[in-house]
Structure formats: structure tokens, C-alpha cells
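Below you'll find the structure, written out as C-alpha cells, and then a few comments.
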Amino acid sequence: MDCSLCTAQNETYRLVGGNDLAYCIIPTHALKPGHAMVLPRRHVGSLSDLIDTEARAFVRLADEMKNAVR
């Protein structure tokens with residue numbers, strides 16, 4: 001699969017955080033200062049497709065990144 005968001009996890013210059021199941025990048029076209037994207041490492045069509053452990057890791061990382069931006 002050729003998904004630009006999935007391959008972004010390999011673009012280390014964009015990575016600002018992560019854990020085993022999720023990662024956070026700075027978008028190439030940030031909407032405003034502090035804009036970051038938290039993404040699951042596994043390609044899914046919707047966040048509702050995440051299994052429980054992935055969803056918890058995603059929310060935990062989103063919370064960490066929110067606090068870091070503050």
C-alpha cells in the first residue's frame with residue numbers, strides 16, 4: 001500500500017514523538033504553529049478500526065503531544 005501518512009513515520013525529520021503503536025509528525029503544510037498529527041502505526045481506514053491497545057496508545061500519545069505544545 002502506498003499511503004503518504006504511513007510512510008511519514010520513516011521521515012525522521014518530521015517525527016516529534018511516538019510509541020510502539022502510534023507516532024506524531026509535523027505536517028509538511030502545517031495549518032498554524034504547533035500543528036502536529038498523531039497517527040497509528042498500522043494503516044487503518046478509521047480510528048474505530050483500531051484495537052484497544054492501539055487506541056489507548058494513540059490517545060496517550062495525543063495527550064503527551066498536547067502537553068508538549070502547551
Membership question, hydrophobic clusters at under 4.5 Å side-chain separation (ILVMFWY): are Ile51 and Leu47 in the same one? no
Do Leu39 and Leu15 land in one hydrophobic cluster if side-chain heavy atoms of ILVMFWY residues count as linked below 4.5 Å?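 Shared cluster, yes.
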Considering all heavy atoms, the nearest [X]-[Y] contact:
{"X": "Leu50", "Y": "Pro40", "value": "CD2-CB, 3.6 Å"}
{"X": "Phe58", "Y": "Val38", "value": "CE1-O, 3.1 Å"}
{"X": "Cys6", "Y": "His43", "value": "SG-ND1, 3.2 Å"}

Under the salt bridge (Lys or Arg N to Asp or Glu O under 4.0 Å) test, which residues partner Glu11, sequence neighbours left out? Arg14
More than 12 heavy atoms of other residues, nucleotides or ligands under 6.0 Å from CG of Asn10: yes or no? yes
Between atom CG of Leu5 and atom CD1 of Ile25, what is the distance when rounded to the nearest 0.5 Å?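 Those atoms lie 6.0 Å apart.
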Does anything in residues 47-59 pair up under side-chain hydrogen bond (donor to acceptor under 3.5 Å, both in side chains), and if so which pairs, sequence neighbours excluded? Arg42-Glu54, Ser46-Ser48
Linking directly or through intermediates, with side-chain heavy atoms under 4.5 Å: list the remaining ILVMFWY members grouped with Leu21, chain and number order.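 Leu21 clusters with nothing; isolated.
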Test question: given the 4.5 Å side-chain rule for I, L, V, M, F, W and Y, name all other residues clustered with Leu31, or answer none. none
Holding to side-chain contact (heavy atoms from CB on, under 4.5 Å), I want the full list of residues that pass it with [X], two or more places apart in sequence or in another chain.
{"X": "Ala36", "value": "Cys24, Ile26"}
{"X": "Asn67", "value": "Asp63, Arg70"}
{"X": "Arg41", "value": "Gln9, Tyr23"}

Under the side-chain hydrogen bond (donor to acceptor under 3.5 Å, both in side chains) rule, collect the residues that match up with Asn19, sequence neighbours excluded.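 Listed in chain order: nothing, the list is empty.
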